[in-house]
Amino acid sequence: MIRKAARLEKIPPYLFMELRNKINKARAAGVDVISLAIGDPVEPTPAPIVEELARTARDPENHRYPTDEEKGMAALRQELCRWYARRYKATVDPEAETLVLIGSKEGCHHFALAMVNPGDTVLVTDPGYPGYKPSIWFAGAEPYAVPMTAENGFLPDLRGIPSDVARKASAFYLNYPNNPTGAVANRKFLAELVEFAKSYDIALCYDNPYIDVVFDGAEPLSILSIPGASDVAVELNSFSKWFNMTGWRLGMAMGNRTIIAAMSQVKSNTDSGVFNAIQYAGIKALRECGATIGDMLQVYARRRRKVVDTLNALGWKYTPPQGTFYLWVPTLGGKSSAEFAAELFEKAHIVVAPGSAYGRFGEGYVRFSLTVPDHRLDQAMERLRNALG
Ligand code: MLT
């Protein structure tokens, strides 16, 4: 009898696949489910980007393998470095420090295969993005959960990491603006993080796809703008949230050249790169569509206000975080994440992500995503008032 590989025993089903199955099943049974679960923008990709894809897709030159340049199209890497210099004051070399990815999620995976040995310890925030731990397990290493709590502003307490654990650790996965909590990091924290990583020779996998989704005066902050960061860190990023391009799968890793070269080695032995027409569309986006990010932020700010006002009218005392299009909301009445998420599903047909799916320290929270059309969010809030009011 054939059997799946033992390494898969540890890997749970991917959270959003599970939620999607639940939603599809309910919809098939006629239930009008409103999903506030996955963070997947509903606004269209700006038209010039779509038009550039259509134009370049017609050129047979682009129908061939996109492998002419191992790290992705040079023109795209150069444009990314200009974007990073202009918007985040970070100097990145397009040749040695930039790698085009099929979305930042695959970067998490390639990073582990590139930088982590079997048996290693890898630090990961808890709660943390559900893609991190499986990447660590696939590399044969063990995650070590670094707690993030409301008391610490959902920043890891670096001094609280036991020094024997830090000495053993080869890498650290984290992201700010943070998914799921929405917390942002400031320069001081990032400088401490870089120092910490340097003193223990820890490679940082700094996942930053929400860099521009910040509110209330928070600064879009790349770790690569911190002095010394490129000695130890790679930053993963993506077009998904900048330009409503989750489905396009276009991302990048930027930073430390040893990490970039190692990831490129893994990647060129794994896939054949991003369709050239998508890379051309990415260049167009960076050159011409930066202003659309401001419009997007207005949409999320409006939706955020709606949900926060509803929650507070229902008895919460909730202050929204400064980053991402997620709201990390404590459950009411001491309910567990799973109980509360189930209650919202049963009474209001609303799906939210249970905090416990993000780790032990996510217990007691649920995550609301603001990536639904306004009229559906209005309906969701009305259902919430009816269910809990
Ligand atoms: C999220 O909802 O956390 C992400 O957008 C989903 C993902 O990246 O898989």
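Each ligand, and each atom within it, is numbered from 1 in the order the structure gives.
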Those residues that, when tested against Y129, pass ring pair (Phe, Tyr, Trp, His ring centres under 6.0 Å) (two or more places apart):
Y132
For Q265, look at atom CD and say whether over 12 heavy atoms of other residues, nucleotides or ligands are found less than 6.0 Å away.
no
Test side-chain contact (heavy atoms from CB on, under 4.5 Å), reference Y84, set L286, T98, N237, output is N237
Report the residues that fulfil side chain to side chain donor-acceptor pair (under 3.5 Å) with N256, sequence neighbours left out, ordered by chain and then residue number.
none
Mind jotting down which protein residues get a heavy-atom contact under 4.0 Å with ligand 1? Chain and number order, please.
Y14, F16, I38, G39, Y129, N179, Y210, K241, Y326, R367
Identify, with sequence neighbours excluded, every residue that meets side chain to side chain donor-acceptor pair (under 3.5 Å) alongside E51.
none
Tell me whether K267 is salt-bridged to E70, with the criterion being a basic N under 4.0 Å from an acidic carboxylate O.
no
